[in-house]
Colleague: 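I'd like to ask you about the structure that follows.
All values derive from a computational prediction rather than experimental measurement. The figures here come from the full heavy-atom set of this structure, side chains too, leaving out hydrogens, waters and symmetry mates. Here is how names work: the chains are called A, B, and so on, in the same order as the sequence lines, proteins then strands, and each is numbered from 1.
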There are 2 protein chains.
Amino acid sequence: MQRSVKIRGLGLAMFGVVGAFAVQSGLAADKPSKAEMEVDYRQSLYTVIGGNFGPLGAMAGGKVPFDAAEARLRAERVAFLAPMLKEAFPADSNGVAHTAAKPEIWTDTAGFNQALQLLIDRSAALAAATNGGDAAKIKAAIGETGKACKGCHDKYRVKE
Amino acid sequence: MQRSVKIRGLGLAMFGVVGAFAVQSGLAADKPSKAEMEVDYRQSLYTVIGGNFGPLGAMAGGKVPFDAAEARLRAERVAFLAPMLKEAFPADSNGVAHTAAKPEIWTDTAGFNQALQLLIDRSAALAAATNGGDAAKIKAAIGETGKACKGCHDKYRVKE
């Protein structure tokens, strides 16, 4: 597995800084560039989504017992977070050293947006299913959401 | 600024894996340990919170014009994400190489929980304020939320 640089304390660095667009690439050797911070934000968002989807995948795959309350909590988080990805691919983050995002994201915008929208729609459907409490339906919806993740990764993410 | 290792593709690695507690420390040299993944999840959560608080801080500080809709969107995200921090400090993530989390988090649990709850409460109050649309009140609530961030960082986070 490849590893990339994560900027510790980025959250604080972004406090009133990125918002003000005060961070510029190459400002100082030890400061992350705006594009690096954008990639770190994007990867962090995926990590938080993945961290909450993980327990859902484990339930759907029978690795842990199904827990309706846990499924609901996790599904609501994924459904809340997935739409945030729409802002997470600014053009200047294309090609930044430690990104795994393929350039096709920015050249095949329509295809990428469609793949992302599928995740958004399916995670919303999953969250809705968890309110119903039917384990079989919830597991099926987890599977569909997982396929949306994988479909996009296969096409638009550099393989590990 | 110090940098630490971020594991690219952690989101996928956690799919059905962390949930099943199948990842063990030292399983393979190139695979992150469970504790490393926990730290990465925690730091990612802070990065996403910080990335959304940044524009709020910039508005409160007058670095960018006040935008009520933007303030509401960002504040609702921070209020949604802040409570997720309650799960982000498992005991085995104490002392992991690239963490900035001080051991006091786990020795002074009451103090840390109180500091974290302050963030949760203030970010909820901020989100509520953004529904009112009063810029002065919203800016004040942003300031109070920022103080909750800083108060906890000053006490429980290693200085950069």
Colleague: Where on B:Arg77 is there a heavy atom nearer than 4.5 Å to chain A: the side chain, the backbone, both, or neither?
Modeller: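 Both parts, backbone and side chain.
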Colleague: Please state whether the side chain, the backbone, both or neither of B:Met59 comes within less than 4.5 Å of a heavy atom of chain A.
Modeller: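 Contact with chain A is absent: no heavy atom of B:Met59 under 4.5 Å.
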Colleague: Is there a path from B:Phe80 to B:Tyr46 through hydrophobic residues (I, L, V, M, F, W, Y) whose side chains come within less than 4.5 Å of each other?
Modeller: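 Yes, same cluster.
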Colleague: May I ask you to list the residues in residues 114-137 of chain B that approach chain A closer than 4.5 angstrom, counting heavy atoms only, ordered by number?
Modeller: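 The list, in residue order, is empty: none.
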Colleague: Under 4.5 Å heavy-atom distance to chain A, tell me which part of B:Leu81 shows up: side chain, backbone, both or neither.
Modeller: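 Answer is side chain: those atoms of B:Leu81 sit under 4.5 Å from chain A.
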Colleague: Which pair of non-hydrogen atoms, one from B:Thr47 and one from A:Asp40, has the smallest distance, and what is that distance?
Modeller: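 Answer, listing the atom of B:Thr47 first, then A:Asp40: CG2-OD2, 3.7 Å.
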Colleague: Verify the cluster assignment for A:Ile138 and A:Leu73: are they in a single hydrophobic cluster under the rule of side-chain heavy atoms below 4.5 Å apart?
Modeller: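 No; tracing contacts between hydrophobic side chains, which count when under 4.5 Å, never links both residues.
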Colleague: A:Met84 and B:Leu85: same hydrophobic cluster, using ILVMFWY side-chain contacts below 4.5 Å?
Modeller: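 Yes, because A:Met84 and B:Leu85 connect within a single hydrophobic cluster, where side-chain heavy atoms sit under 4.5 Å apart.
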Colleague: Contact part of B:Glu87 toward chain A, heavy-atom cut-off under 4.5 Å: side chain, backbone, both or neither?
Modeller: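 Side chain of B:Glu87 only, per the 4.5 Å heavy-atom cut-off to chain A.
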